[in-house]
Number of protein chains: 2
Amino acid sequence: MKSTTEIEELGLTKQRKVVLSVIMDSKEHLTANEVFELSKGLLPKISFATVYNSLRYLKEEGLISEVSFGSGASKYDRMTDRHDHAICSKCGKLVDIHLDLPEELIRQAARHSKFKPESMELTLRGTCPECK
Amino acid sequence: MKSTTEIEELGLTKQRKVVLSVIMDSKEHLTANEVFELSKGLLPKISFATVYNSLRYLKEEGLISEVSFGSGASKYDRMTDRHDHAICSKCGKLVDIHLDLPEELIRQAARHSKFKPESMELTLRGTCPECK
DNA sequence: CTTAGAATTAGAATTATTCTAAATTCAACT
DNA sequence: AGTTGAATTTAGAATAATTCTAATTCTAAG
């Protein structure tokens with residue numbers, strides 16, 4: 001996760017700042033379309049393409065993350081610490097959870113896949129409290 | 001995972017059998033489009049809509065699973081035992097890995113999310129051997 | 001101030017997925 | 001076997017999600 005200073009050093013454009021702030025200020029995971037709608041509120045002339053470009057850029061810089069599952073649009077999430085997700089198989093609700101993944105599990109995954117590990121994420125599929 | 005007998009009891013249509021066999025016989029994870037192309041080889045008149053319908057049906061019956069990540073089309077995978085994925089952040093290559101998730105981790109995830117757990121899956125992001 | 005590269009814009013294009021309506025198949029009943 | 005109704009399939013249209021294009025604007029370096 002980047003520090004405030006590091007973020008400032010990126011010299012984000014007006015549009016990218018807006019896109020970032022929309023995601024930072026949201027409690028929810030937003031689709032690109034939702035980010036676009038909210039950004040328009042702050043910067044009426046912003047275009048869809050810019051939102052997508054910004055999302056890609058911010059993702060590459062590690063400021064936000066993209067989550068996708070099953071069908072439907074990707075969702076964008078502010079990048080905090082490493083975290084995991086739970087998704088409701090009834091209503092599709094997505095929430096963040098913070099788990100301590102045992103180091104051993106990461107080593108095991110790296111060994112099995114022969115991949116050089118960068119990060120690991122866990123997804124719990126289940127029924128959310130509202131749907132239970 | 002369903003037994004052969006259970007699968008037979010579903011009375012799959014010709015089309016659904018073809019879609020299922022295409023996925024079962026593939027070593028790779030296939031996109032809906034790839035499933036369509038391969039199915040056409042076996043059943044030239046099959047339509048795209050039927051492939052999607054079949055994929056949805058087979059997924060609901062628990063015979064196949066859908067994997068999606070970042071951008072691009074969903075991929076479909078034969079349902080074997082519970083398993084996890086590793087995805088290459090360079091080339092996008094997706095491979096299956098088999099890990100033993102500690103029960104404790106599942107309980108922890110359920111506790112944090114307040115979801116009734118159904119399944120849990122882990123995704124390792126890293127660099128595949130070819131890209132290293 | 002000029003200039004080149006990067007970013008933005010509007011809208012078109014592409015890709016992925018779902019929907020629609022008509023035709024077909026299938027199983028259950030007479 | 002013939003009829004009926006529900007489920008499925010088909011072809012193609014429609015929608016949704018994402019990316020591309022070309023023209024314009026911004027920005028930072030000289």
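Within every chain, numbering begins at 1; the chains are lettered A, B, ... in the order of the sequence lines, protein sequences first and strands thereafter. FYI, side chains are in, hydrogens and waters are out, and symmetry mates aren't considered; it's all heavy atoms of this structure.
Between the CD atom of B:Glu61 and the P atom of D:dT8 there is a distance of 10 Å, given to the nearest Å. The separation between A:Leu12 atom CG and D:dT27 atom P is 13 Å, rounded to whole Å. Protein atom NZ of A:Lys14 is 9 Å distant from nucleotide atom C1' of D:dC26, rounded to whole Å. The distance from atom CG of B:Leu30 to atom C1' of C:dA16 is 16 Å, rounded to the nearest whole Å. Remark: C1' of C:dA16 and OH of B:Tyr76 are 10 Å apart, rounded to the nearest angstrom. When rounded to the nearest whole Å, the span between NZ of B:Lys45 and P of C:dT24 equals 10 Å. With rounding to whole Å, B:Tyr52 atom OH is found 15 Å from D:dA16 atom P. B:Phe69 places its CZ atom 14 Å from the P atom of D:dT18, with the value rounded to the nearest Å.
For B:Gln15 and D:dT10, the shortest distance from a side-chain N or O to OP1 or OP2 is below 4.0 Å. Put simply, B:Thr13 has no side-chain N or O that comes within less than 4.0 Å of OP1 or OP2 on D:dT8. Applying the 4.0 Å criterion to OP1 and OP2 of C:dT8, one finds that A:Ser47 has every side-chain N and O outside that range. At the phosphate of C:dT17, neither OP1 nor OP2 sits under 4.0 Å from any side-chain N or O atom of B:Arg56.
Between the A:Lys90 side chain and the A:Lys132 main chain, no donor and acceptor come within less than 3.5 Å of each other. Of the possible donor and acceptor atoms, none in the side chain of A:Ser26 sits under 3.5 Å from a partner among the backbone N and O of A:Val22. Remark: side-chain polar atoms of A:Lys2 are paired, donor with acceptor, to backbone N or O of A:Glu61 under 3.5 angstrom. When atom types are taken as modelled, the side chain of B:Arg56 and the backbone of B:Val51 share no donor-acceptor pair closer than 3.5 angstrom. A donor-acceptor contact shorter than 3.5 Å links the side chain of A:Ser89 to the backbone of A:Gly126.
When distances run from any side-chain atom of B:Ala49 to the nucleotides D:dT10, C:dT8, D:dT18, the shortest one goes to D:dT10. Listed nucleotides D:dT10, C:dA10, C:dT17 differ in distance to B:Ser74; the shortest reach to its side chain belongs to C:dT17.
Residue order along DNA chain C, read from the 5' end via each residue's closest nucleotide, puts A:Tyr57 first among A:Tyr57 and A:Phe48.
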